[in-house]
Undergrad: 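Just dropping this structure here.
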Amino acid sequence: MTSIRVNDDGTGTAPIVEKGRETPFKQGTFLVFEVKDEVAKYWNKLPPGRRDEIYKQSKKEKKDLRQLLDGFVFKPAHTK
């Protein structure tokens, strides 16, 4: 397990946490999420603007950020 940091948007609302996952903690102006190593590698390769978009999307869809990232990283090879 590795951690990723997300800029806190300052709205004061807690991020959505999926059942069975650890609640992210605050570190300065960042929120720290525990994720799998593959997800952290994907996150670190993203440009900062795209990271912010994904975080906003997770709030908009009311999904855990890690759930969205898992969908990008562990997507099936093809679908029928």
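One is the number of the first residue; the rest follow in order along the sequence.
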Undergrad: Gln27: what forms a side chain to side chain donor-acceptor pair (under 3.5 Å) with it, not counting sequence neighbours?
TA: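 Applying side chain to side chain donor-acceptor pair (under 3.5 Å) to Gln27 gives none.
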
Undergrad: Taking C-beta and beyond as the side chain, do Val35 and Ser3 meet within less than 4.5 Å on heavy atoms?
TA: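 SC-SC contact between Val35 and Ser3 ruled out.
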
Undergrad: Enumerate donor-acceptor pairs with a distance under 3.5 Å from any side-chain N or O in residues 64-76 to protein atoms, sequence neighbours excluded.
TA:
unit_1	atom_1	unit_2	atom_2	d
Asp64	OD1	Arg66	N	3.0
Asp64	OD1	Arg66	NE	3.1
Asp64	OD2	Glu18	N	2.9
Asp64	OD2	Arg66	NE	3.4
Asp64	OD2	Arg66	NH2	3.1
Arg66	NH1	Glu22	O	2.9
Arg66	NH2	Glu22	O	2.9
Asp70	OD2	Arg21	NH2	2.8

Undergrad: Are the side chains of Lys26 and Asp8 in touch, meaning some heavy atoms are under 4.5 Å apart?
TA: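 In short, these two side chains touch, coming nearer than 4.5 Å.
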
Undergrad: Looking just at side-chain N and O atoms, do Gln57 and Glu53 make a donor-acceptor pair shorter than 3.5 Å?
TA: no

Undergrad: List, by chain and then residue number, the residues other than Phe25 in its hydrophobic cluster (Ile/Leu/Val/Met/Phe/Trp/Tyr, side-chain heavy atoms under 4.5 Å); write none if there are no others.
TA: Val32

Undergrad: Check salt bridge (charged side-chain N to carboxylate O under 4.0 Å, His left out) between Lys19 and all other residues, then give those that pass, not counting sequence neighbours.
TA: none

Undergrad: With no hydrogens and no angle check, is any side-chain donor or acceptor of Arg51 less than 3.5 Å from a backbone partner on Trp43?
TA: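 Indeed, once roles are kept as given, a pair shorter than 3.5 Å links the two residues.
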
Undergrad: Can you pull the salt bridge (Lys or Arg N to Asp or Glu O under 4.0 Å) pairs that have at least one residue in residues 29-46, sequence neighbours excluded?
TA: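 Output for this query is empty, none listed.
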
Undergrad: State, yes or no, whether a side-chain contact exists between Asn44 and Tyr42 at a heavy-atom distance under 4.5 Å.
TA: no

Undergrad: Quick check: are there more than 12 heavy atoms from other residues, nucleotides or ligands sitting under 6.0 Å from NZ of Lys60?
TA: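 No, because the 6.0 Å sphere around NZ of Lys60 holds 12 heavy atoms or fewer from other groups.
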
Undergrad: Going only through I, L, V, M, F, W and Y residues with side-chain contacts under 4.5 Å, is there a path from Ile16 to Ile54?
TA: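 Per the 4.5 Å side-chain linkage, Ile16 and Ile54 are not co-clustered.
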
Undergrad: Is there a side-chain contact between Asn7 and Tyr55 (heavy atoms, below 4.5 Å)?
TA: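 Not touching, per the 4.5 Å side-chain cut-off.
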
